[in-house]
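Only one structure is covered here, and it is reproduced in the block below.
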Amino acid sequence: MTDTAVRHEAPTILDTVRRVPWRAAVVYIGFALVFAFFAITQGEYFLTATNLTNIVVQAAPITVMAMGAVLVLAIGAIDLSIGSTVALAALATAVALESTGSWWIAALVGLAVGALVGAMNGFFITALRLPSFLVTLASMGLIAGLARQLTDLQSVPVLDSTFTWLFGSGTLLGLPILIWWTAVVVLVGWHVLRQRKFGAHVLAVGNNERAARVSGIKVNRVKMAVFTVSGMTAALAGILYDGRLGGARYTLGEADLMTVLAAVIVGGTALTGGKASIAGALVGSLLMSMINNGLILAGLSVSQQMIVRGAIILLAVSLSLRGKKSQ
Amino acid sequence: MSTATSTRTPLKLDGIVKRFGAVTAIQRFDLEIAPGEIVALVGDNGAGKSTLVKIISGLYQPTEGEIWINGDRAEFSDPSDARARGVEVVYQDLALADLQPVYMNLFLGRELTRGPLRILDRSRMARETQQLVDDLDIRIPSAKAQLSDLSGGQRQGIAIARATHWASGLVLMDEPTAALGVAETAKVEETILKLKERGAAVLIVSHNMEQVFRVADRVTVLRRGTQVGTRSVAETTHNELVAMITGLAS
Ligand SMILES: Nc1ncnc2c1ncn2[C@@H]1O[C@H](COP(=O)(O)OP(=O)(O)OP(=O)(O)O)[C@@H](O)[C@H]1O
Ligand SMILES: [Mg+2]
């Protein structure tokens with residue numbers, strides 16, 4: 001404060017450094033650093049095309065869920081139920097596939113389950129004006145219970161070859177189908193958030209709900225839609241797990257909530273609403289997948305992986321949330 | 001039915017009464033505002049000023065009385081009805097989205113789109129915002145600047161610009177400068193006078209007597225829900241207004 005008024009010289013390096021939007025850049029820098037680290041330490045295998053493709057493929061369900069989570073965080077809410085929705089939708093899809101034999105009916109059933117879960121969350125949040133944190137915490141438990149109940153803890157195989165090709169093992173124009181799913185969902189997410197009125201309304205609701213309301217934005221309708229979409233992206237993630245793993249189990253998606261939130265927050269989407277980045281969430285999701293991949297290559301045990309991953313996420317999240325105090 | 005002159009009356013209030021249960025917030029209120037006229041609404045805390053603004057902007061419905069906008073009877077069931085009839089409000093506490101660019105705030109809830117896919121037309125919104133802001137002589141770095149990077153005065157300027165852009169002749173302001181410093185208040189007052197030049201009718205709620213004398217043509221006084229009088233600013237004094245507001249002879 002005191003010296004800025006006196007100085008009128010060219011900006012110093014420090015000024016330039018300060019002006020870089022660090023919060024938005026953290027994910028890209030982090031990605032580059034982690035990439036370089038594994039490229040150097042895990043050399044040959046890490047850098048093979050197969051492994052790099054694998055990182056993107058492994059990230060697919062997280063990336064898909066992250067697109068829904070970006071919208072939820074953008075309205076200043078949170079959806080804790082996405083992990084258990086993955087399991088319920090995956091099981092519902094697998095059961096529907098078993099009984100109807102139709103891949104598209106099965107997929108629609110899964111998506112409908114996700115939409116229903118999301119709409120239910122949205123209803124409690126808008127009509128009863130409950131905090132999303134509490135509503136989705138409760139529905140997380142409820143849905144996890146339903147998923148266990150549905151098949152009595154049994155896993156359900158997915159054998160239909162069209163289904164597994166389309167949602168898991170297929171390749172199209174030389175690229176794994178899961179990369180295509182990732183691309184489509186990310187592009188749709190970007191289009192919705194940046195190019196549609198709906199996206200502008202989402203950001204306005206998250207930024208200043210009263211301003212949105214007096215500007216004629218139907219706030220409750222926006223919230224309902226966002227939670228419904230979040231349920232549906234979780235369901236699509238469940239369907240992709242079905243396709244890739246060839247079966248569904250109630251444990252699917254168990255650890256995904258933390259990974260998704262970490263990816264989205266590291267990617268520069270504000271927990272407080274009103275600010276969102278689709279590209280950041282994509283890179284955040286790839287970063288999480290790359291960390292996973294590199295730690296496995298490094299030969300860490302599962303428990304060691306969990307510790308290192310937790311520490312890295314903590315570091316990344318604190319870096320990306322720093323500097324929020326300026327307001 | 002409506003004559004040529006009444007058709008051009010942006011706002012006419014006829015016998016407005018508002019009761020909240022047993023509480024009478026507004027006893028009886030009449031007012032006409034002409035195009036290019038600024039009328040100040042003054043009164044002590046709790047006198048009913050905001051209630052009146054909320055009635056005209058559709059947030060509350062009057063218990064009795066009639067609202068006429070541009071010579072037509074208006075019955076608003078919510079603020080979007082009022083907005084559809086070209087009634088715009090500037091709030092004291094800035095109903096803006098400060099993480100969004102200026103142009104998005106100007107078009108909040110009424111974004112422009114292009115093509116059959118109805119894609120947001122950001123460049124056109126930015127262009128029209130720049131034009132409007134230039135016309136009103138509100139100095140901001142850019143229409144694409146994030147709102148939180150602007151000063152309080154600039155932000156209130158944007159709120160007024162937004163109201164001007166969408167208003168078809170009537171702008172309501174509830175204490176638009178209450179949160180601002182001296183220099184910023186002066187700037188906002190300039191903007192309000194620009195609206196007058198453009199022929200808008202303005203109803204401004206203010207606690208600041210100097211401001212009333214600086215910008216208003218007429219002033220109407222509410223005391224505990226009763227409209228105690230309306231004066232031309234040229235023919236009244238500070239002391240008379242204070243006496244009317246407080247009910248004490250000065
Ligand atoms: N929704 C409501 N329900 C009941 N009473 C209300 C309601 N809104 C306002 N009132 C009452 O109406 C009266 C007028 O309030 P209003 O907010 O219009 O005052 P004001 O003139 O704007 O005051 P200030 O200068 O403090 O802003 C007050 O006594 C208030 O308590
Ligand atoms: Mg008031």
Side-chain angles (χ1 to χ4, degrees), chain A residues 18-24 70-71 73-77 187-223 225 268-278 280 321 323-327, chain B residues 53-54 57-59 76-123 125-126 146-150 155-156 158-159 162-163 165-166 172 174:
Chain A
R18 264 196 218 108
R19 214 159 297 136
V20 174
W22 287 112
R23 227 166 80 67
V70 166
L71 295 180
L73 293 199
I75 61 166
L187 281 177
V188 170
W190 179 82
H191 169 69
V192 166
L193 192 67
R194 292 287 158 216
Q195 296 197 302
R196 301 225 66 90
K197 277 188 172 204
F198 178 73
H201 295 176
V202 163
L203 291 169
V205 167
N207 187 177
N208 184 344
E209 188 169 328
R210 199 180 77 91
R213 189 165 281 128
V214 300
S215 303
I217 293 170
K218 305 264 184 278
V219 172
N220 282 351
R221 229 185 270 175
V222 170
K223 289 184 178 176
T269 295
L271 265 172
T272 42
K275 258 215 157 345
S277 168
I278 292 287
L321 290 185
K324 272 233 71 181
K325 288 177 297 199
S326 58
Q327 269 305 104
Chain B
V53 169
K54 286 172 184 167
S57 61
L59 215 57
F76 302 140
S77 52
D78 65 48
S80 56
D81 285 353
R83 236 190 344 260
R85 293 285 294 274
V87 179
E88 288 291 324
V89 193
V90 176
Y91 297 91
Q92 164 188 344
D93 49 350
L94 304 159
L96 299 168
D98 61 359
L99 296 173
Q100 297 287 305
V102 172
Y103 68 83
M104 267 299 185
N105 273 280
L106 214 104
F107 289 91
L108 204 61
R110 294 177 275 213
E111 298 82 3
L112 302 179
T113 57
R114 62 185 154 80
L117 290 176
R118 309 188 3 104
I119 304 272
L120 285 179
D121 195 344
R122 289 174 186 273
S123 54
M125 287 191 275
Q146 185 168 306
L147 205 76
S148 58
D149 292 338
L150 305 187
R155 285 189 235 184
Q156 196 57 291
I158 299 303
R162 173 169 74 179
H165 184 67
W166 298 103
L172 311 173
D174 196 352

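Letters go in sequence order (proteins before strands), and every chain restarts at 1.
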Would you indicate whether the side-chain heavy atoms of B:D98 and A:N207 approach each other to under 4.5 Å? yes
When only pairs under 4.5 Å are counted, which of B:L59, B:L117, B:V89 shares the most heavy-atom pairs with chain A? B:L117
Ranked by heavy-atom pairs below 4.5 Å to chain A, first place among B:R83, B:R162, B:R122, B:R110 goes to B:R83
Pairwise distance CD(B:E111) to NE2(A:H201) - rounded to 0.5 angstrom: 3.5 Å
Testing the basics here: between A:S215 and B:L108, what is the closest heavy-atom pair and its distance to 0.1 Å? OG-CD2, 3.3 Å
CD1 (B:I119) and CZ (A:R194) are apart, to the nearest 0.5 Å, by 14.0 Å
Engaged part of B:E88 at the chain A interface, taking heavy atoms whose separation is under 4.5 Å: neither
What are the two closest heavy atoms between B:L120 and A:A200, and how far apart are they? CD1-CB, 4.2 Å
Side chain to side chain donor-acceptor pair (under 3.5 Å) involving B:D149 - partner list, sequence neighbours excluded: none
Please round to the nearest 0.5 Å and tell me the distance separating atom CG of B:L99 and atom OG1 of A:T272. 7.5 Å
Could you tell me which residues satisfy side chain to side chain donor-acceptor pair (under 3.5 Å) with A:E209, sequence neighbours excluded, listed by chain and number? A:R213, A:K223
Is chain A contacted by the side chain of B:R118, its backbone, both, or neither, given a heavy-atom distance below 4.5 Å? both
Heavy-atom closest contact (B:A95 atom, A:R210 atom, distance): CB-NH2, 4.1 Å
